[in-house]
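For the numbers below, each heavy atom of this structure counts, side chains included, while hydrogens, waters and symmetry mates do not.
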Amino acid sequence: MASSTCTLNCCTKCLEYDGAMTMIFGIPIQALLGQLLVGLINGSFYAMLSLGLAVIFGLLRIINFAHGALYMFGAFIGYLLLVHLGIGYWPALVLVPSAVGLFGMAVERAALSRLYRIDPLYGLLFTFGMALVIEGVFRFYYGVSGNPYAVPALLAGGTNLGFMFLPNYRGWVVLASLIVCIGTWLLIEKTRLGSYLRAATENPELVQAFGVNVPLLLTLTYGLGAALAGLAGILAAPVYQVSPLMGSDLIIVVFAVVVIGGMGSILGAIVTGYMLGLAEGLTKVFYPEASNLVVFVIMAIVLLLRPAGLFGRDA
Amino acid sequence: MSELTLQERRTAASVRLEWGLVALGVLALIAAPFFIYPIFVMKMLCFALFACAFNLLLGYTGLLSFGHATFFGGAAYLCAYAVKAWGWPPEAGILLGMGGAALLGLVMGFLAIRRQGIYFAMITLALAQMFYFFCVQAPFTEGEDGIQGVPRGTLFGIVDLNVTMNMYYVVLAIFLIGVFAVWRIVNSPFGMILRSIRENENRAISLGYSVGRYKLAAFVMSAALAGLAGATKAIVFQFATLTDVTWQMSGEVILMNLLGGIGTMVGPVVGAGLVVGLENTLATSGFPVTIATGLIFMVCVLIFRRGIVGEIYARWLAPAADGGDKG
């Protein structure tokens with residue numbers, strides 16, 4: 001039933017290719033930089049996904065287990081758009097998050113909105129079931145093997161930075177995820193909509209009494225979180241292979257990231273995401289066997305020393 | 001999940017009826033291997049015990065663990081390895097599996113009880129995934145193949161477990177002992193404290209109970225019983241594989257409880273029977289199990305949170321929220 005292949009394997013493969021190149025120069029520092037780049041890429045996805053989880057959790061008090069499935073959903077929509085309709089990467093960058101966001105809003109209206117008054121654990125269980133269904137449907141129709149998604153022509157090739165070879169698309173992923181993370185942070189911290197959102201997080205009844213449509217705000221928030229997951233999915237499509245299993249293993253790592261960072265702050269979720277990606281990359285250099293485990297080990301240490309999480313406010 | 005657990009108010013008549021039904025169920029299980037394929041019933045019994053062990057934590061302490069596959073699968077690995085590689089007798093293998101699961105439970109529980117609610121679920125899930133990766137890489141689990149061809153051996157040097165009927169009644173005995181243990185724990189003063197934690201943790205703290213210790217104790221007991229189920233399954237099926245330590249397995253045991261009725265004694269057994277039966281049916285039909293499982297999850301959470309046995313209680317056995325003596 002389960003697959004032991006980690007979603008990040010494909011990335012390692014490419015890296016081994018990079019590694020082969022650095023071996024020509026015979027300088028170990030390049031292997032280190034290469035692994036740090038892989039870590040930064042993984043960290044970019046951790047950051048985008050844990051940001052989405054934090055945004056949803058902040059207002060809805062639901063941990064969205066389906067976040068990994070929505071990420072996979074996004075990657076698949078992009079893949080299907082390309083294969084069946086010939087719609088390429090750049091339009092997909094807009095279409096995919098919109099589609100996943102709309103899907104999320106429909107789910108919120110139809111189901112999640114009925115769960116706000118009961119124990120938040122039920123939200124986790126519902127989205128867990130949702131993740132199983134989404135993953136199951138794609139597995140049923142497309143099997144478990146990965147489907148390659150070509151790097152867009154504009155970003156093909158790479159740049160020699162002098163000290164290392166940077167594939168252009170990877171650079172773009174890091175840049176794009178930074179833009180998305182900072183953009184979302186600005187949206188929440190600096191705009192009027194964001195201020196409603198923060199207010200509703202603190203006290204939904206009071207905000208509603210001031211005439212803000214809180215149910216609509218909840219729907220939009222889940223839509224925003226889902227759209228972020230979808231965007232991460234389409235960004236990931238050319239890096240990893242598009243496969244129905246790409247989300248489920250990733251989401252558990254992201255949960256660990258969220259526990260480490262604590263969900264008290266948006267910025268905390270972002271910073272923790274990048275940091276843990278880098279920590280993972282470093283582990284791959286020094287002790288590759290533990291690279292799957294390092295995030296969980298860090299989580300255990302953080303729980304021992306600072307149970308509320310690095311940036312957490314709640315105990 | 002306190003707001004949905006049952007009112008524990010029943011009439012004397014309904015309590016008699018319950019015991020009657022339980023006796024009938026035990027008789028049915030004794031007779032079952034003559035009518036149903038015994039291996040299938042044994043599988044159900046192992047999962048039913050697993051589900052009951054899980055219910056001790058979720059139903060009676062209010063802690064949702066998303067990592068119970070660690071104890072189920074970890075015990076299966078330990079037991080299979082001890083019996084196959086060291087030539088231990090089955091009873092020693094099962095006890096070792098149980099002890100190992102309890103130890104894993106102690107470590108996981110110690111870390112997880114530092115946070116509450118939804119974080120608790122996420123921490124257990126992450127630690128279980130860590131254990132899964134450990135099992136993928138550790139040499140003694142034999143990777144993707146798992147430990148195959150575990151000999152069933154002779155129980156206490158007397159009972160030859162290679163005889164299917166012998167194996168069946170041993171499994172039934174283990175199941176009944178395990179469920180009795182859960183029942184005994186839940187209805188002891190200790191169990192009452194667990195329920196008070198479930199109902200209102202802060203009040204339990206202010207009454208002077210060191211809530212953390214009680215939670216940890218419940219976690220370890222639940223892990224040990226889950227380990228008992230997993231180790232027994234390894235003996236029955238003569239293998240231990242990665243399937244039993246995956247997060248899907250942790251999800252499955254939650255589903256069994258949700259479907260049968262969280263916080264009822266019989267619910268997890270009914271849920272386990274249904275889930276195992278459903279999976280057996282679907283395995284031959286070509287309809288993907290994950291989709292069915294996911295849909296049942298969603299439907300149960302949305303409109304059927306009491307589960308089957310919970311609904312039966314609420315409608316027929318303990319319909320009124322007032323009146324009646326405590327059962």
Side-chain angles (χ1 to χ4, degrees), chain A residues 1-4 6 57 61-63 65 69 110-111 114-115 117-137 139-140 248-249 251-260 262-263 289-293 295-297 299-300 303-304 307-309 312 314-315, chain B residues 1-4 58 62 64 66 107-108 110-123 125-137 143-144 242-243 245-249 251-252 254-255 258 286-303 305:
Chain A
M1 199 162 168
S3 130
S4 63
C6 175
F57 182 77
R61 295 287 140 188
I62 280 179
I63 281 290
F65 207 120
R114 295 161 203 272
L115 302 176
R117 287 176 188 283
I118 58 174
D119 195 308
L121 290 173
Y122 283 111
L124 181 72
L125 293 181
F126 181 85
T127 50
F128 177 71
M130 199 170 118
L132 287 180
V133 172
I134 297 175
E135 194 184 289
V137 167
R139 260 172 88 155
F140 185 63
S248 52
D249 288 328
I251 190 64
I252 300 178
V253 179
V254 173
F255 277 178
V257 171
V258 161
V259 172
I260 294 167
M263 275 186 295
E289 290 82 6
S291 60
N292 277 336
L293 305 178
V295 173
F296 303 119
V297 174
M299 180 189 82
L303 281 173
L304 285 174
D314 54 340
Chain B
M1 305 215 154
S2 53
E3 64 274 77
L4 283 153
L58 177 61
L64 173 63
F66 234 108
V107 176
M108 191 189 277
F110 178 72
L111 287 169
I113 58 164
R114 291 170 165 262
R115 302 291 287 274
Q116 292 166 339
I118 231 156
Y119 284 100
F120 182 90
M122 288 197 291
I123 293 165
L125 176 67
L127 291 174
Q129 186 74 354
M130 183 173 163
F131 185 73
Y132 168 78
F133 281 130
F134 167 76
C135 288
V136 170
Q137 290 175 356
E144 296 279 340
L242 282 174
T243 315
V245 287
T246 55
W247 56 264
Q248 286 93 339
M249 183 58 77
E252 211 162 285
I254 299 175
L255 181 68
L258 193 60
F287 188 82
V289 177
T290 26
I291 300 182
T293 319
L295 285 174
I296 300 174
F297 250 109
M298 291 162 72
V299 170
C300 280
V301 170
L302 277 183
I303 54 174
R305 283 187 287 272

Worksheet entry | Residue Leu115(A) versus chain B: region with a heavy atom under 4.5 Å | side chain
Practice prompt. Grab the two heavy atoms, one from Pro288(B) and one from Phe140(A), that are nearest each other, plus how far apart they are.
Written response: CG-CD1, 3.4 Å
Worksheet item: Given a strict heavy-atom distance threshold of 4.5 Å, which part of Phe66(B) is in contact with chain A: side chain, backbone, both, or neither?
Response: side chain
Worksheet item: Can you list the residues that meet the ring-ring contact (aromatic ring centres under 6.0 Å, His included) rule with Phe296(A), with sequence neighbours excluded?
Response: none
Discussion item. Under the rule for ring-ring contact (aromatic ring centres under 6.0 Å, His included), what residues qualify as partners of Phe126(A), not counting sequence neighbours?
Written reply: none
Discussion item. One pair to check against side chain to side chain contact (heavy atoms under 4.5 Å, CB included): Arg305(B) and Ile118(A). What are the steps and the verdict?
Written reply: CA-CA 11 Å; Arg305(B) 283 187 287 272; Ile118(A) 58 174; 3.4 Å; yes
Practice prompt. Give, as side chain, backbone, both or neither, the part of Val297(A) having an atom under 4.5 angstrom from any heavy atom of chain B.
Written response: both
Worksheet item: At a heavy-atom separation under 4.5 Å, does Leu295(B) approach chain A through its side chain, its backbone, both, or neither?
Response: both
Worksheet item: Do you know the tightest heavy-atom contact between Val301(B) and Leu125(A)?
Response: CG2-CB, 3.8 Å
Worksheet entry | Selection from Gly136(A), Pro120(A), Ala256(A) maximising heavy-atom pairs under 4.5 Å formed with chain B | Gly136(A)
Worksheet item: With a 4.5 angstrom heavy-atom cut-off, which part of Leu304(A) approaches chain B: side chain, backbone, both or neither?
Response: both
Item to complete: Take the angle between the ring planes of Phe65(A) and Trp247(B) and call it parallel below 30°, perpendicular above 60°, tilted in between.
Response: tilted
Fill in: Largest heavy-atom contact set with chain B, pairs under 4.5 Å, which of Ile134(A), Ile62(A), Leu293(A)
Leu293(A)
